[in-house]
Amino acid sequence: MNPQRHAVLIASSQFPHEERLQELRCPVNDAEGLGEILRDEEYGGFTNVVVVKNRPHHEALLQVYEVLKSAGKEDMVLIYYSGHGKLDPTGRLHLATEDTRIGALEATSIPVQSIRNYIESLNTRKVVFILDCCFSGAVDKAFMRGGVDDQLQQVSSGQGIYLMTASTAIQVALEKEEDEYGVFTKHIVEGIRSGAADLDGDGRVTMDELYRYVHAKVKDEG
């Protein structure tokens, strides 16, 4: 059986239980736009794409777990999040969801460490983890010993995990009023759809090419 491609795309734009989390315009568009690209046989060829929009943390975590569990050892799983990233007092990254409360962050959000634990326990070999949120570079605390503060991505080759983040551990991610998508996701979608991210012109976009393309475009936008 040929390896399959699976994705779970999480969008969090509304936070009715926490006034300190600003409502966002782009996450739902981000997830839906990326999902459209991934499903398209010409661009992504993903057979299973789950989009989770403004759901509580436990529902989003369950979807991540089920997608990882359903994947075969040679399959690829892409996990994507667009929304607010928040750091706990130890500096670990949490992904905000519809029910997140800052005063109970660890109990009402998605700890990135939990996703890492799922990956390890389910023996998933090929994972792409893309984060379009503030402080997303802090993901390194869960996934690797080194830092990603000076880059948008790092590869942990021993685990087969590719990380691509919109910001460092101390930066915010950007939304622009005139854009349909967040700045980071906009360039992912446009780079794949237009073919501009195919830097060597061989007809396919690798993750390394996508990183280099998006990195340059995001830097151009400040």
Original post:
Looking at side-chain heavy atoms only, is the closest gap between Phe184 and Thr165 below 4.5 Å?
Top reply: no

Subject >> Backbone N/O of Arg92 and side chain of Asp88: donor-acceptor pair under 3.5 Å >> reply: yes

Subject >> Pairwise side-chain contact, Asn48 with Arg5, heavy-atom cut-off 4.5 Å (strictly under) >> reply: no

Subject >> Non-hydrogen side-chain atoms of Met207 and Met164 separated by less than 4.5 Å >> reply: yes

Subject >> Qualifying salt bridge (Lys or Arg N to Asp or Glu O under 4.0 Å) pairs with a residue from residues 193-206, counting only residues at least two apart or across chains >> reply: Asp202-Arg204

**OP:** Find out if a path of hydrophobic residues (ILVMFWY) with successive side-chain heavy-atom gaps under 4.5 Å connects Ile192 to Val51.
**Re:** yes

Subject >> Side-chain H-bond candidate by donor/acceptor type, Ser12 with Asn54, under 3.5 Å >> reply: no

**OP:** Ignoring hydrogens and angles, state whether a donor on the side chain of Asp132 or Ser82 is under 3.5 Å from an acceptor on the partner side chain.
**Re:** no

Original post:
Between Leu95 and Lys86, is any pair of side-chain heavy atoms under 4.5 Å apart?
Top reply: no

Subject >> Any side-chain donor near an acceptor of the partner, Tyr80 and Thr185, under 3.5 Å >> reply: yes

Subject >> Glu32: salt bridge (Lys or Arg N to Asp or Glu O under 4.0 Å) partners, not counting sequence neighbours >> reply: Lys53

Original post:
Is there side-chain contact between Asp30 and Val28, with heavy atoms separated by less than 4.5 Å?
Top reply: no

Subject >> Backbone of Val189 reached by a side-chain donor or acceptor of Tyr43 within 3.5 Å >> reply: no

Original post:
For Phe15, what residues pass the ring-ring contact (aromatic ring centres under 6.0 Å, His included) criterion, not counting sequence neighbours?
Top reply: His84

Original post:
Judged by modelled atom types alone, do Asp99 and Thr97 share a side-chain donor-acceptor pair under 3.5 Å?
Top reply: yes

Original post:
By side chain to side chain donor-acceptor pair (under 3.5 Å), which residues pair with Ser109, not counting sequence neighbours?
Top reply: His94

Original post:
salt bridge (Lys or Arg N to Asp or Glu O under 4.0 Å) with Glu59: which residues, sequence neighbours excluded?
Top reply: Arg55

Original post:
Can you list the residues that meet the ring-ring contact (aromatic ring centres under 6.0 Å, His included) rule with Phe46, with sequence neighbours excluded?
Top reply: none

**OP:** Please identify each residue that fulfils side chain to side chain contact (heavy atoms under 4.5 Å, CB included) with Thr47, with sequence neighbours left out.
**Re:** Gln4

**OP:** Only counting residues at least two apart or in another chain, list the ones meeting side chain to side chain contact (heavy atoms under 4.5 Å, CB included) with Asn117.
**Re:** Gln113, Glu120

Subject >> Residues in side chain to side chain contact (heavy atoms under 4.5 Å, CB included) contact with Ala60, at least two apart in sequence or another chain >> reply: Ile10, Val52, Ile110

**OP:** List in chain and number order the residues that pass side chain to side chain donor-acceptor pair (under 3.5 Å) with Ser114, two or more places apart in sequence or in another chain; answer none if no residue qualifies.
**Re:** none

Original post:
Any sub-3.5 Å donor-acceptor pair from Ser13's side-chain atoms to Glu23's backbone N or O?
Top reply: no

Original post:
Applying salt bridge (Lys or Arg N to Asp or Glu O under 4.0 Å), which residue pairs with at least one partner in residues 102-115 are found, sequence neighbours left out?
Top reply: none

**OP:** Keeping to residues at least two apart or across chains, list the salt bridge (Lys or Arg N to Asp or Glu O under 4.0 Å) pairs with something in residues 65-80.
**Re:** Glu74-Arg125, Glu74-Lys126

